[in-house]
Amino acid sequence: MQIKIAPSILSSDFADLKSELKKLELAGADLVHIDVMDGNFVDNITIGAPVVSSLRKNSNLFFDVHLMVLQPEKHIEKFVQSGADNITVHAEVTYHLDAVISKIKSFGKKASVALNPATPVYMIQNVLGIVDMVLVMTVNPGYGGQKFIPYTLKKIETLANLREKEGLSFEIEVDGGINEETIVDCVNAGANVIVAGSYVFDSGDVSKSIEILRSKIRSLR
């Protein structure tokens, strides 16, 4: 599978998101990861559908919207209308995961499911055939700049093995603590969509940071 770089705007300058998106486009980002936090499932509160809608008017990038919210089924249609291309929901927050995934896909959007570090793969095994992507949180959700949790690599490997064994096609995304060292471990384990926030934006040179990550990926081939 193609290895994709998905910078997270959680670490960008929220006072100038339009310019930050333009930087990502010029740097050749494959998609942009948009973290939506509600202050309940995680402590922080970030942005909602109106902001995503405003961003959509200023960018042609693929919008990978990650809902870190309780009762995500109540928010699906709003984020579809705002311009999300993929919507990710957490397995931990809904009793009706199949229904939520089906609702997302009914709007013609890609649907993905996320797992917190301590959530086992078997929790989502029955929906692997209908999701477009599985997001493995490699840090605990809610804050940027955290340190990568090594044991999550086993979860990535488990998902990659299940995908091959069952002949499935879902992508594997990782989010949290990604840098030029951990990206190698994640790709080797089977991940192909790499979310990077602090590493990309804190350097002050978005293009250079993305190119370093790509160079690490090329070195594996």
Side-chain angles (χ1 to χ4, degrees), residues 1-10 12 17-18 20-21 24-25 28-38 40-42 46-116 119 121 123-137 141 159 162-163 166 168-176 191-197:
M1 289 185 172
Q2 177 190 357
I3 310 298
K4 303 173 184 177
I5 302 296
S8 169
I9 62 169
L10 180 64
S12 68
L17 286 174
K18 180 179 178 179
E20 298 284 61
L21 285 179
L24 296 181
E25 289 181 357
D30 298 293
L31 56 159
V32 58
H33 190 78
I34 302 173
D35 289 306
V36 176
M37 304 180 187
D38 66 354
N40 292 298
F41 179 58
V42 294
T46 53
I47 62 176
V51 174
V52 175
S53 182
S54 295
L55 296 176
R56 179 78 285 170
K57 297 173 185 177
N58 292 285
S59 178
N60 292 317
L61 284 168
F62 185 98
F63 277 14
D64 176 28
V65 176
H66 177 193
L67 299 184
M68 285 178 268
V69 304
L70 298 181
Q71 298 181 302
E73 55 274 10
K74 293 185 176 181
H75 304 281
I76 299 303
E77 189 165 357
K78 288 182 289 187
F79 281 98
V80 166
Q81 293 172 349
S82 75
D85 296 297
N86 174 79
I87 297 177
T88 301
V89 298
H90 271 260
E92 300 88 0
V93 298
T94 178
Y95 293 112
H96 307 290
L97 185 57
D98 178 87
V100 175
I101 292 167
S102 296
K103 183 173 184 177
I104 297 169
K105 295 176 81 71
S106 75
F107 290 105
K109 303 299 182 178
K110 292 191 173 183
S112 304
V113 60
L115 295 174
N116 283 342
T119 304
V121 170
M123 290 283 290
I124 62 165
Q125 196 160 343
N126 287 338
V127 299
L128 291 179
I130 62 172
V131 296
D132 295 288
M133 184 166 67
V134 176
L135 167 56
V136 176
M137 291 300 301
L159 284 163
L162 280 170
R163 182 176 60 192
E166 302 295 334
L168 301 175
S169 59
F170 61 87
E171 297 187 286
I172 300 174
E173 183 175 42
V174 290
D175 181 4
N192 75 291
V193 181
I194 312 297
V195 177

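At a cut-off of 3.5 Å, with distance as the only test, no side-chain donor of S112 or D132 sits close to an acceptor on the other residue. Residues D35 and S8 bring a donor and an acceptor atom of their side chains to less than 3.5 Å of each other. A donor atom on one side chain and an acceptor atom on the other are found under 3.5 Å apart for Q71 and K74.
Using modelled atom types, one side-chain atom of E25 and one backbone atom of N60 make a donor-acceptor pair closer than 3.5 Å. Under a 3.5 Å cut-off, the side chain of S53 and the backbone N or O of P50 do not form any donor-acceptor pair. Side chain of N86 to backbone of K109: no donor-acceptor contact under 3.5 angstrom is found. Distance alone, capped at 3.5 Å, places no donor-acceptor pair between the R163 side chain and the E166 backbone. S12 places a side-chain N or O within 3.5 Å of a backbone atom of I9 that can act as its donor or acceptor partner.
Rounding to the nearest 0.5 angstrom, the gap separating the CG atom in L115 from the CG atom in D175 is 12.5 Å. Atom-to-atom distance recorded for M137:CE and T119:OG1 is 10.5 Å, nearest 0.5 angstrom. Separating the NZ atom in K110 from the CD1 atom in I101 is a distance of 15.0 Å, to the nearest 0.5 Å. Put simply, NZ on K4 and CG on D64 are 9.5 Å apart, with the number rounded to the nearest 0.5 Å.
Between H66 and H33, the angle of the ring planes lies from 30° to 60°, which puts this pair in the tilted group.
Between A84 and I87, the closest heavy-atom pair is CB-CG1, 3.8 Å. Residues V36 and I47 approach most closely at CG1-O, 3.3 Å, considering heavy atoms.
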